[in-house]
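For reference, the structure is listed below as structure tokens.
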Amino acid sequence: MSQNSCSLAFVEQSGVLQVVRSRTLQLHLGPGRPETRGVGWQEVRDGRPEVLRLRQLRDCDKCGDGERFDNAARFSDRERCYFVEMCGSFGDRSNAGDNNNDSGFSLWPPLLASKHFSYGQQALIFGPYGPHWRNMRKMCTSELLCSQKISSFKSIRKEELDLLIESVKQQAAASGDHHVVNLSGKVKSFTVDVICRMLFRRKYVDEIDEIGFQSLLREVLIWVGTPNIADYIPQIAFLDPNGLIKHMKAISKVLDEFFEKIIEERLQSKDENRIKDFVDVMLGFMESEQSEYRIQRHHVKAIMLDMLAAAIDPVAATTEWALSQLLRHPRVMKKLQKELESVVGLDRIVEESDMDNLEYLELVVKETMRLHPVAPLLAPHESMEDCTVNGFHIPNKSLILVNVFTIGRDPSAWNDPDEFYPERFVGSSIDFRGRDFQLLPFGSGRRACAGIQMGFLEVRLLVAQLVHCFDWELPDGMLPNELDMTEGFSQVIFRANPLQAIPTKYRLII
Ligand code: HEM
């Protein structure tokens, strides 16, 4: 019998697991849907129950495939895992009694991938909570992802949106009324190009770049998401048991050379008049003695990689799901188009300044993020101190997985939870910024998404432009309710198959 199953047997026989289960069931039953809510919090003293639990969840919820959850389960060598399915149990910042666990859950478990792709956990994502992380987080939120900086890149977003709309128009014109557009691909290209221009002012396209930039990024995300035996058993990491470390080292070397080239070019050219991109801003801090941000060259590179990893897929996936839901719900699509007609008209394109007046658009995006949180278990968190949640003791160094997918479909929190119905938010104060625990697409607390403002803006812009400029139809006479909504696997939950649709009419009169 392996050591793991031995300890499991001991735990089962000694009744510890049972006690924990029944105590959990009696006292802490989560409000999750019946088929998944066996426990609100589950304590696991061995890896296997956790893996089982995640598999059950996958089977019941269909919110991703096995690999996704195997990834989460790879930390199962840890002594304990807590699986959060309860609204109101995670990161409550109200300081109300024992629900204030934000500081307790601010760590991310150290993975080997984070060592190789984060310059030894020197960046924001993967960075251990502490003074350096706080300094990096402050720099990112106050200097790079703040409102002022984001709006300084307005012209970039406009240029890229114009290019997107023009390319759809041209494709449609070239092949008549029935040209099928790969909306997923278009949206993804937009997000890549925008973040590249914000970061280092250039677009990197596979065909023209010898490194194959997008492929490289894809590789990083794949390796970060691939279960690594060395994460289970750190003692054998030096043997590189499934060869991942060798691959990660090779990719991080190529990336490092790429980032070095960008930094060198930048240090050589001193054009003071241009709008400062993220690299300019960070190099400015690096060179300044007075800067409050203690940052060195490897931090600049680590943040570049963070931004590329964090800004592309979540925006692309959320937009893809929003457009899919609109195609499945012609009533909602028409209502959104009506709003765009009345707020913007048909004689000009949507501008960023219109966003605040497009209330229904906001509801559509909120409802999309409720049903399709692109990180359904968020990132794995780790407790950094003993704490108590709803009377349940969580020891230090426990893995915390928050099932925002189930929370977003919890029937005790939402009427008709599986329905796509944006109107449910009319007159409701529920927001997605981490204070309302029914809706946590960006996480909550100190480790919540640092790019909420930019992400929310980009998703609304993309959806608004595509729906304002064109009428859409599904290919091959497919009916709206026949559109496949199966989720695929990646670090972020995209559609399993790209979203394809036909732009049947250009609606604007310009
Ligand atoms: C709709 C778009 C987006 C969604 C749904 C989203 C969602 C998330 C989620 C769920 C997390 C993990 C939170 C946790 O585990 O508690 C996260 C982290 C993060 N996101 Fe986003 N994100 C989006 C867009 C962006 C954008 C555009 C950026 C900008 C670069 C960004 C930057 C980050 C960063 C830096 C972190 C790590 C924060 C930390 O560890 O302190 N995100 N995001």
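Indexing begins at 1, ligand by ligand and atom by atom, following the structure's order.
Of all the atoms in ligand 1, the ones that sit under 4.0 Å from a non-hydrogen atom of Ile125 are 37 (C). Each of the atoms 30 (C) of ligand 1 lies under 4.0 Å from some heavy atom of Met307. Those atoms of ligand 1 with a heavy atom of Ala448 less than 4.0 angstrom away are 38 (C). Close approach of ligand 1 to Pro441 (heavy-atom distance below 4.0 Å) involves ligand atoms 5 (C), 7 (C), 10 (C). For ligand 1, the atoms lying closer than 4.0 Å to a non-hydrogen atom of Val374 are 5 (C). For ligand 1, the atoms lying closer than 4.0 Å to a non-hydrogen atom of Ala379 are 15 (O). Taking every non-hydrogen atom of Trp133 and a distance limit under 4.0 Å, the qualifying atoms of ligand 1 come out as 41 (O). Interface atoms of ligand 1 facing Gly443, defined by a heavy-atom separation under 4.0 Å, are 16 (O).
Under the 4.0 Å criterion applied to side-chain N and carboxylate O atoms, Glu352 and Lys158 are not assigned as salt-bridge partners. Ionic pairing of Asp416 and Arg424 is not present here: no N-O contact between side-chain nitrogen and carboxylate oxygen is shorter than 4.0 angstrom.
Both the backbone and the side chain of Leu124 come within 4.0 Å of ligand 1, counting heavy atoms alone. No part of Pro373 comes within 4.0 Å of ligand 1, judged by heavy-atom distances. With a heavy-atom cut-off of 4.0 Å, Arg137 touches ligand 1 through its side chain alone.
Side-chain contact check for Ser184 and Arg495: no donor-acceptor pair (N or O, by modelled atom type) lies under 3.5 Å. No side-chain N or O of Thr368 forms a donor-acceptor pair with one of Gln325 less than 3.5 Å apart.
Between Phe432 and Phe425, the gap from one ring centroid to the other reaches at least 6.0 Å.
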If you look only at distance, which donor and acceptor atoms sit under 3.5 Å apart when one is on a side chain in residues 448-460 and the other is two or more places apart or in another chain?
unit_1 : atom_1 : unit_2 : atom_2 : d
Gln453 : OE1    : Ser147 : OG     : 3.2
Gln453 : NE2    : Ser147 : OG     : 3.2
Arg460 : NE     : Phe456 : O      : 3.3

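For Glu160, the salt bridge (charged side-chain N to carboxylate O under 4.0 Å, His left out) partners two or more places apart in sequence, or in a different chain, are Arg197, Lys203.
Checking Arg460, Arg447, Met454 against atom 13 (C) of ligand 1, the nearest heavy atom belongs to Arg447.
Inter-residue side-chain proximity for Glu292 and Met139 is flagged as unmet; no heavy-atom pair is nearer than 4.5 Å. Counting heavy atoms from C-beta outward, Arg294 and His132 have side chains that stay 4.5 Å or more apart.
Judged by the shortest distance from any of its heavy atoms, Thr318 lies inside the 4.0 Å radius around the atoms of ligand 1.
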